[in-house]
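A note on names: the letters A, B, ... follow the listed sequences, proteins ahead of strands, and every chain is numbered from 1. What's counted below: heavy atoms across the whole structure, side chains too, no hydrogens, waters or symmetry copies.
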Number of protein chains: 2
Amino acid sequence: MATIRDVARLANVSVATVSNVLNSADRVSPELAGRVRAAMEKLSYTPHAGARSLRKRASGLIGLVVGDITNPFFSDLFEAVEDAAAASGYLVLLCNSNERSEREEAHLRMLRTQRIDGLILAPTGAVSMNRASLLAQLEVPVVLIDRAMEGLGYDAVVLDNRRAGFEATQHLIACGHRRIGLVNGPEVLRTAAERLAGYREALLAAGLPFDPGLVRDAGFREQPAEQAMAELLALPQPPSAVFATNNLMTIGVMKTLADRGLACPRDISMIGIDDLPWAEAVSPQLSAVAQPVRAMGEAALDLLLRRLGGTLQGPGTTTVMAPQLLIRRSCGAPAPGRPAHVD
Amino acid sequence: MATIRDVARLANVSVATVSNVLNSADRVSPELAGRVRAAMEKLSYTPHAGARSLRKRASGLIGLVVGDITNPFFSDLFEAVEDAAAASGYLVLLCNSNERSEREEAHLRMLRTQRIDGLILAPTGAVSMNRASLLAQLEVPVVLIDRAMEGLGYDAVVLDNRRAGFEATQHLIACGHRRIGLVNGPEVLRTAAERLAGYREALLAAGLPFDPGLVRDAGFREQPAEQAMAELLALPQPPSAVFATNNLMTIGVMKTLADRGLACPRDISMIGIDDLPWAEAVSPQLSAVAQPVRAMGEAALDLLLRRLGGTLQGPGTTTVMAPQLLIRRSCGAPAPGRPAHVD
DNA sequence: TCGAAATCTTGAAACGTTTCAACGGGCAAC
DNA sequence: GTTGCCCGTTGAAACGTTTCAAGATTTCGA
């Protein structure tokens, strides 16, 4: 494979000149630049990223670590981040921790040996001390997404979880429901706690009682959500609507409904947080509170780039993004501007 | 950040020795090795991948380029490849071309700059000459997945597409259908052509006529599939079942059905290629011909590693994987061992 | 006890870049 | 015609590793 020396030799210039046309093109005269570019073309020269990163002390790499790339939220996130990063000349290193913190830590180490310039992290579970120190050792800017980690001083981009919980619940109430099941994540996680708070707030605002028996912790996972939904249905007085606070649990809930032959909104209504790519492909089309994933990814990368560029300094900021209520047909209300669904 | 020199200094040995404990641990005496490891620990030393790759002429990086990471097939594939690669000490660089060949080519250049050791490629669309030469310039082993590219001599891992088409169609026929719509990809792609061939073969085997009016090219994409399904429904004599040859088109078809308020299998039956994570969460649960994605990813990586290790030599081989028919409830046949679905 | 062989350790070169100080030549000002 | 400056170009050092030949030490057999 051709090196920069080969190019220099062929173009009859010094190695430094070739490097200059690559990096600061204006420092070299048009004539030489032309010769150099021709030589590069002819040899189909491609610089060696390792060597470059060694000398420049910057790799052009950005790490993105997510819990489950199979989850549409994260794959959309990757897409958004990669697009934005490419526009700024960065390459994104995706790490999939499978929601296991050992894997996540192994990945962080890997990213350190790659000398990434910055990291976007969707932390899985709670913050161990171990992980905090791994992050610190990275010695690069870190932006948290989806879940904030307090006290570490990192920038974060998160959903307005309280509002998401509020709007979903409020919509259900507006559709006439008074007993609303909540399939939530573990309350030790801030996201789950806030979504629950929003739920309670909407109940309160409508003068409805809060019944703890209607809320279940399904760990933000699909299987437990199936189980949780089954429990809710087995209640002496089951809810007439259910609200699942993430997409995995939405699927779990739907599975249980499908198993029982129950249809929305005929038998029970439902709404979830996170839109799903196939939400409009099922009958009835699924209402949801969507996260602005793309915008979140872009915001995170923007924060990171500003830290890298030095434009942004000081303690970490938290960017809160507004959820978006998508009214479709799973809660009994007609979608705006469309005739009601006839069963 | 600590370098190998710092470690050497602290452990009071030479740089070469430190390198030896890192690479060929048995070449160094237990005592020194202990000192060195302690020093590394104390300095929390992490090697510099760039420098290493520069010297070793091997980066430990494997490229994976896919058309759409948002597609469950590809995100599952990434997961499988990453798991297997991690087990062999490789890091996977994921590139998402968004099904645009310019992006794909940009990515290939990027990967060359990174000096990847090998590439797994799910080619988008047809093979341009341009891309063939980019691949050649990589100068590393390449394994194709999902779609083979003939004449380039690369290893490939593909589904037995003919059989997938055959089994899906046969199942529909077994459920009593005689007019079966086919929402297919463009026949210029081998995968689409073969799936069509399987469809025709099943028809033939059952003594049913082949009606070209029942097959549509929806470009393997969702939107066109919606349209195609609408056309099929508008036929004077619409099909009683439809077979979509990938997951995106399955969603498109379902959307059209949902829009029309049509249910499976009550109003029309359907089956798709590619299983979907939520196939069991919808009513009725969706039958499908699944690709063994994990096994395919592992096979591809295995091929790659064997090329890298020199165990595998000579012209490229093609590994054909068997599809798996998942009978659920969207075609009217009762799932085995379960009572029929009552509507 | 000596020499040879085996084992461990190390200095130095090399990998492909970027960067920086220094150089040379042309040109304007005096 | 000299001085000084600016601009484009370059040689060489440095980045953090691995590798290899050679040096040092130990082991063993004769």
Give a yes/no on whether any side-chain N or O of [X] is located under 4.0 angstrom from OP1 or OP2 of [N].
X	N	answer
B:R57	C:dA14	no
A:T3	C:dC15	no
B:S19	D:dT18	yes
B:T17	C:dT10	yes
A:R115	D:dG16	no
B:S29	C:dT7	no
B:R55	C:dA14	no
B:S14	C:dG11	no

| message | Categorize B:V13 for me: base, sugar-phosphate, or nothing, with a 4.0 angstrom heavy-atom threshold over every strand shown. | response |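 Sugar-phosphate, no base atom in range.
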| query | Which nucleotide, D:dT10, D:dT18, C:dG16, lies nearest any side-chain atom of A:N20? | reply |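 Per side-chain heavy atoms of A:N20, the pick is D:dT10.
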| Electrostatic pair B:R221:B:D68 at N-O distance under 4.0 angstrom | no
| request: Measure from the side-chain N and O atoms of A:D146 to the backbone N and O of A:A122, and report whether any donor-acceptor pair falls under 3.5 Å. | output: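 Checking the backbone N and O of A:A122 against the side chain of A:D146, no donor-acceptor pair under 3.5 Å is found.
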